[in-house]
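On a predicted model such as this, the values are computed, not experimentally measured, just so you know. Every chain is numbered from 1, with letters handed out A, B, ... down the list of sequences.
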Amino acid sequence: MQTFLEEIRAAIAAETGIESPKLETPRDLAMGDVAFPCFVLAKERKAAPPKIAAELEAALNARMERVTAKATGPYLNFTIERAAFAETVLTEIAEHGLCYGTSAEGSGQKIVIDFSSPNIAKPMSVGHLRSTVIGAAIQRLHNALGYETVGINHIGDWGSQFGKLVAAVNRYGDTVDLEGEPIPALLALYVRYHEEEEGDPSLVEEAREAFRELESGVDGPVRQTWKKLTELSLEEFGKIYSRLGVSFDLIRGEAFYEPHLDATVDRVVESGVTEESEGALVVDLSSFGKIPPCLLRKTDGTTLYATRDLAAVFHRWEEFGFTRALYVVGGDQRLHFRQLKHVLERMELDWEPRVEHVDFGMMRLPEGKMSTRKGRVVFLDDVLDAAAAEAAKVIAEKNPELADQATIAETVGVGAVVFNDLKRERVKDIDFRLEEVLSFEGDTGPYVQYTHARLASIERKAGSIDAAPDWSVLESAAGILGQMGRFPDVLRSAARNAEPSELTTFVLALAREVNSWVAKERVLGQEPAVTTARLALVRGARQVIGNSLALLGVGAPAEM
RNA sequence: GCGCCAUUAGCUCAGUGGAUAGAGCAACGGACUUCUAAUCCGUAGGCCCCAGGUUCAAAUCCUGGAUGGCGUACCA
């Protein structure tokens with residue numbers, strides 16, 4: 001693909017003197033594969049763009065071998081000779097296989113990605129799913145480009161809410177089954193405590209006292225309870241991560257940074273940007289606009305979320321010297337990360353721009369924002385179960401002969417949930433609707449998986465055929481080839497923007513082209529030269545779809 | 001009140017400052033003796049939130065406004 005673009009650019013440069021002409025993709029494939037808008041030349045040549053296009057057409061054609069130029073209105077459209085294009089793209093994919101699309105451009109650079117980060121003692125909701133699948137996809141994208149990545153699960157295991165939780169366990173712990181169903185049990189305790197403290201201020205004080213003891217470092221009963229809660233929770237989270245195929249390089253709770261908190265506060269104080277305000281230690285940020293100060297220590301001397309995140313970012317900078325540190329955290333925390341970055345700015349740390357908040361829209365229920373406190377959540381496990389059950393139902397109906405249906409139903413069901421979460425731009429809020437997640441038609445994960453399975457099926461039935469391919473029969477596959485040629489660019493852009501939806505959008509478009517082609521062209525049982533050419537296309541398309549799904553964290557079954 | 005984010009077909013969304021704004025779902029009409037119909041083909045559906053501005057050219061950039069979401073110092 002690249003070689004053709006270079007040929008076109010060179011021809012335009014030689015003819016017009018523009019050093020690196022900007023090329024576009026035509027609206028309609030029938031017009032050409034690449035377009036050059038002639039508006040930029042209008043002033044210089046003092047002529048209307050359509051006239052310039054018409055004048056350049058012949059000269060450009062004389063300069064190019066495998067590409068034809070055609071003037072259409074103000075545009076020069078270039079069509080790459082079909083057979084050469086097909087051969088080039090398909091040979092490249094066949095040679096690189098699983099590595100097609102990857103590069104080594106990130107070699108030697110470290111990317112730290114903070115994602116998932118659930119709170120212990122709380123169920124993983126469909127809200128946490130977003131951070132988990134988006135973060136994991138961003139990590140895989142960077143890996144594919146040769147970056148060295150460090151995926152960190154920054155577990156929420158610290159803060160005054162855990163004082164409340166320990167107090168709740170002390171008070172009502174006997175009334176629930178902590179060992180059997182730890183998460184629902186803890187959630188029930190938490191909700192109950194939250195409700196009852198509204199009518200009883202002594203509960204508020206009890207919780208505060210518990211956190212004070214926790215943070216004091218005393219290894220007493222409070223700490224023991226807290227440790228137990230952490231272990232139970234991590235075990236439960238592990239089950240979900242394994243279903244999602246997600247793993248971490250480091251699992252570090254906020255508690256990990258606890259020993260660094262004093263040094264962190266000292267460091268900020270020594271940089272001279274702190275002040276005392278209303279009894280708390282703060283960093284004033286008013287020079288950045290209307291933005292509240294960042295609190296480092298409360299009046300009672302305990303630390304806050306921001307203090308712990310500062311400790312974490314300092315620690316990570318010293319440990320990894322990252323090129324980028326990505327925080328895959330919901331958009332409701334935009335202010336927090338702006339404050340965090342502004343503190344770094346005020347401290348004049350030149351690596352501040354490397355810290356990025358990769359924000360994403362909220363997952364909302366029809367009743368409103370999810371709230372653990374109010375018991376208004378949808379459990380991720382239940383959604384995955386429902387999706388797998390739906391997939392099993394569809395398989396039983398459409399492909400009852402299929403072997404190992406339970407495994408494939410899990411792959412398809414989980415794939416549907418993951419894909420659904422990655423398919424729109426990160427920043428968009430989502431109204432959670434189960435029926436939408438369970439839909440397997442159209443722009444969905446199962447649609448892409450199905451496309452992959454169909455192609456794999458053709459390959460299986462083809463056996464081995466030995467004949468020189470007649471690439472010219474792939475004329476009708478120009479759309480597929482064009483998409484496949486774009487794949488390396490899509491990966492680069494998706495990683496740079498930390499935007500997995502660029503990849504889902506791409507793979508959906510490719511799958512649509514493929515299904516359309518498969519419906520009208522037959523692969524097997526043709527002239528050998530025709531079958532080999534079409535089979536090469538099938539293999540290439542299956543490879544690119546498979547590579548895309550792997551990067552997204554969606555399984556690609558060979559049958560379904 | 002103030003700040004941040006969003007607004008494109010009935011619904012969910014794509015859309016590099018450039019050509020006639022595109023998909024999926026839902027609706028309607030077609031295609032399974034043939035490589036998986038979780039598919040494909042077709043019909044219909046648009047003041048790209050509004051008003052100004054910049055530009056040869058604006059859904060896209062700028063300003064103001066509307067609507068919705070989130071946030072707004074001792075939760076995370």
Which of residues 528-543 of chain A sit near RNA chain B, with a heavy atom under 4.0 Å from it? none
Throw together a table of side-chain donor-acceptor distances under 3.5 angstrom for residues 503-515 of chain A, partners on residues two or more places apart or in other chains.
| residue | atom | partner | partner atom | Å |
| --- | --- | --- | --- | --- |
| Thr504(A) | OG1 | Leu422(A) | O | 3.2 |
| Thr504(A) | OG1 | Ser501(A) | O | 2.9 |
| Thr505(A) | OG1 | Ser501(A) | O | 2.8 |
| Arg512(A) | NH2 | Asp443(A) | OD1 | 3.0 |
| Asn515(A) | OD1 | Arg454(A) | NH1 | 3.1 |
| Asn515(A) | ND2 | Tyr447(A) | OH | 3.1 |
| Asn515(A) | ND2 | Thr451(A) | OG1 | 3.0 |
| Asn515(A) | ND2 | Ala511(A) | O | 3.2 |

Base versus backbone protein contacts along nucleotides 37-42 of chain B [heavy-atom cut-off under 4.0 Å; B, S, -]: SBSSS-
Could you name each residue pair satisfying ring pair (Phe, Tyr, Trp, His ring centres under 6.0 Å) that touches residues 287-313 of chain A, not counting sequence neighbours? Phe288(A)-His342(A), Tyr305(A)-His336(A)
For His452(A), all residues meeting ring pair (Phe, Tyr, Trp, His ring centres under 6.0 Å), sequence neighbours excluded: none
Taking only residues two or more places apart in sequence or in another chain, which ones pass side chain to side chain contact (heavy atoms under 4.5 Å, CB included) with Asp157(A)? Ile120(A), Ile155(A), Trp226(A), Glu254(A), Ala255(A)
Can you list every ring pair (Phe, Tyr, Trp, His ring centres under 6.0 Å) pair that touches residues 391-432 of chain A, not counting sequence neighbours? none
With sequence neighbours left out, write down each residue that passes ring pair (Phe, Tyr, Trp, His ring centres under 6.0 Å) with Phe256(A), or none if nothing qualifies. His315(A)
Roughly, in whole Å, what's the span from CG in Asp429(A) to P in rU67(B)? 18 Å
Measuring to OP1 and OP2 of rC13(B), would you say a side-chain N or O of Arg424(A) lies under 4.0 angstrom away? yes
Classify the side chain of Ser277(A) and the base of rA73(B) as holding, or not holding, a donor-acceptor pair under 3.5 Å. yes
Can you name the side chain to side chain contact (heavy atoms under 4.5 Å, CB included) partners of Arg9(A), sequence neighbours left out? Leu5(A), Pro21(A), Leu23(A)
Does a donor on one side chain and an acceptor on the other come within less than 3.5 Å for Gln333(A) and Asp359(A)? no
Near-strand residues of residues 492-509 of chain A, defined as heavy-atom separation under 4.0 angstrom from RNA chain B: Thr505(A)
From CE of Met31(A) across to C1' of rG22(B) the rounded distance in Å is 13 Å
Test the Lys164(A)-Tyr190(A) pair against the cation-pi criterion, namely NZ or CZ under 6.0 angstrom from the six-membered ring centroid and within 45° of the ring axis. yes
For RNA chain B, list all stems, counting runs of three or more consecutive pairs where every pair is Watson-Crick or G-U wobble with both distances under 3.5 Å. B:1-7 with B:66-72, B:10-13 with B:22-25, B:27-31 with B:39-43, B:49-53 with B:61-65
Send over the distance from Asp443(A) CG to rG22(B) P, rounded to a whole Å. 17 Å
Does a donor on one side chain sit under 3.5 Å from an acceptor on the other, for Thr299(A) and Glu278(A)? no
Of the listed rG69(B), rC35(B), rU20(B), the closest approach to the Arg27(A) side chain comes from rU20(B)
Rounded to whole angstrom units, what separation is found between the NZ atom of Lys423(A) and the C1' atom of rC11(B)? 12 Å
Are Arg212(A) and Thr302(A) close enough that a side-chain donor and a side-chain acceptor fall under 3.5 Å? no
Figure out the CZ/P separation between Phe337(A) and rG71(B), and round it to whole Å. 14 Å
Close residues, residues 300-307 of chain A, relative to RNA chain B [heavy-atom separation under 4.0 Å]: Leu304(A), Tyr305(A)
